[in-house]
Protein chains: 2
Amino acid sequence: MAADRKKWILEAASKSFALFGYKATTMEQVAKIAGVGKGTIYTFFSTKEELFDAIMMDVIQEMKRIADKVIQEERTFIKKLERVLEEFYRFRSNHELLIRLSHEISEMGTAKAQEGMKSLEGAILGFLEKNVRTAMEQGEIRPCDPQVAAFVILKMYVSFVHDWDRTHGPLTKEQISEFFHVYLFEGLAVR
Amino acid sequence: MAADRKKWILEAASKSFALFGYKATTMEQVAKIAGVGKGTIYTFFSTKEELFDAIMMDVIQEMKRIADKVIQEERTFIKKLERVLEEFYRFRSNHELLIRLSHEISEMGTAKAQEGMKSLEGAILGFLEKNVRTAMEQGEIRPCDPQVAAFVILKMYVSFVHDWDRTHGPLTKEQISEFFHVYLFEGLAVR
DNA sequence: AAATTGACTAATTGAACAAATTGGTCATTC
DNA sequence: GAATGACCAATTTGTTCAATTAGTCAATTT
């Protein structure tokens with residue numbers, strides 16, 4: 001049945017991309033893992049790229065479900081923000097495919113892998129932007145451009161967990177929370 | 001005379017690194033441009049890496065001189081900050097060697113080139129940290145960790161001129177100034 | 001008739017090997 | 001004593017041919 005085959009192909013491809021990365025995954029191999037003929041893959045996906053895109057979309061949907069759940073569990077914007085960022089980071093750090101893609105990007109700079117991770121970042125930014133807008137409309141934060149705010153928030157977070165980590169060692173949740181409080185919420189200006 | 005030869009070597013190497021990058025620059029070539037024997041280079045610098053380090057130090061000193069001049073010309077911390085960041089960015093964008101090294105890093109990921117640009121970033125952070133500390137001691141900004149503040153300031157600036165630029169197009173000086181004002185100085189918290 | 005398969009092919013990648021190059025050394029020359 | 005450039009082990013590069021791969025489609029199966 002066609003619906004089954006598509007599902008097998010998606011599962012097989014997800015496994016192969018996670019194990020071997022984008023570039024080293026062959027369609028022959030995906031077909032073998034899925035237990036179908038290679039040509040069958042092309043009845044559902046025109047190209048290897050389209051297959052990869054479909055899998056990235058699934059990953060992004062999954063990540064969003066987790067983030068939505070976290071949002072329901074917290075009350076204040078700042079708490080929601082911290083939890084969501086933490087969850088995004090954990091998701092990205094534990095997800096086999098995403099780990100593999102990051103590795104492939106730094107080792108080989110594969111364009112498609114970069115594109116995949118960029119779409120993930122775009123989804124995170126979109127999610128943050130939506131929540132900034134809500135918080136702003138509810139008067140929880142001051143008026144601002146939600147898109148820019150989301151950008152600043154994410155870049156700051158990523159800088160702490162990646163760049164600072166590399167030069168000074170890892171930060172605790174409490175330290176990151178404190179930094180967000182001082183530099184993003186209260187600001188540097190003297191009152 | 002030895003002092004002359006060292007100067008010629010430094011000038012020749014600077015030219016070669018700027019034209020060909022770190023990896024494709026050969027000591028034979030540096031010697032030829034400088035008009036000395038290859039072995040002469042090794043009377044001043046033990047290795048190719050040491051020669052490169054010496055040149056990066058010169059570049060960093062030059063950049064600091066420019067930044068110090070800018071600091072003298074402005075009155076308030078925020079103005080100093082914006083001018084200095086702008087100057088660092090301009091310096092980096094117009095300096096042939098730095099342009100070439102950036103290109104080499106993205107095309108080939110040469111470790112030594114990366115190391116060179118990291119030492120540049122380290123110098124910028126040190127400079128910013130010193131000035132944050134001064135502003136804080138003078139009561140111009142609220143108490144904070146100068147090292148973290150410098151880090152946040154630089155990462156935010158670089159995110160705007162690089163990442164935002166790539167996805168949304170270039171920002172004007174005024175826009176960046178406004179974003180620093182809203183997100184870093186005033187903060188998002190409702191008063 | 002529709003769905004599936006896997007052999008086929010042009011384009012790309014990888015492996016093997018010899019030639020060329022390079023950073024560093026040092027005997028010779030100035 | 002300072003400077004030079006030939007030398008050399010290690011590395012890189014270029015070439016060639018074999019192997020591989022994404023996509024295609026005639027043949028087979030359902």
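Each chain gets a letter, A, B and so on, in the order its sequence line appears, and its residues count up from 1.
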Exercise. Could A:Lys173 and A:Glu178 be called an ion pair, given the rule that one side-chain N must be under 4.0 Å from one carboxylate O?
Worked result: no

Exercise. Which part of the nucleic acid does A:Lys38 contact within heavy-atom distance under 4.0 Å: base, sugar-phosphate only, or nothing?
Worked result: base

Exercise. At under 4.0 Å between heavy atoms, what does B:Thr26 touch on the DNA or RNA strands: base, sugar-phosphate, or nothing?
Worked result: sugar-phosphate

Exercise. Which nucleotide, C:dT5, C:dG23, D:dG23, lies nearest any side-chain atom of A:Val36?
Worked result: C:dT5

Seminar exercise, completed: Residues passing the salt bridge (charged side-chain N to carboxylate O under 4.0 Å, His left out) test with B:Asp53, sequence neighbours excluded, are B:Lys112

For this session: Please state whether the rings of A:His95 and A:Phe91 are parallel, tilted or perpendicular, taking 30° and 60° as the class boundaries.
Result: tilted

For this session: Rounded to the nearest angstrom, tell me the gap between atom CH2 in B:Trp8 and atom C1' in D:dA3.
Result: 12 Å

Exercise. If you check every side-chain atom of A:Thr43, which of C:dT4, D:dA3, C:dG23 has the closest atom?
Worked result: C:dT4

Exercise. Quick one: A:Phe45 CZ to D:dT24 P, roughly how many Å, whole number?
Worked result: 16 Å

Exercise. On DNA chain D, nearest-nucleotide positions of A:Gly39 versus B:Gly37: which is more 5'?
Worked result: B:Gly37

For this session: Give the other cluster members for A:Met57, using side-chain heavy-atom distances under 4.5 Å between Ile, Leu, Val, Met, Phe, Trp and Tyr residues; answer none if it is isolated.
Result: none

Problem set entry | Whole-Å gap separating C1' (C:dG23) and CD (B:Gln29) | 14 Å

Seminar exercise, completed: B:Glu28 CD to C:dT25 C1', in whole Å, measures 14 Å

Seminar exercise, completed: Rounded to whole Å, the CD1-P distance (B:Ile41 to D:dG5) equals 12 Å

Seminar exercise, completed: Rounded to whole Å, the NZ-C1' distance (A:Lys112 to C:dT12) equals 19 Å

Exercise. Rounded to the Å, how far apart are B:Met27 CE and D:dG5 P?
Worked result: 16 Å

Problem set entry | Minimum-distance nucleotide to A:Lys23 side chain [options: D:dG23, C:dT13, C:dT4] | C:dT13

Exercise. For A:Lys48 and C:dA11, what is the distance between atoms NZ and P respectively, to the nearest whole Å?
Worked result: 19 Å

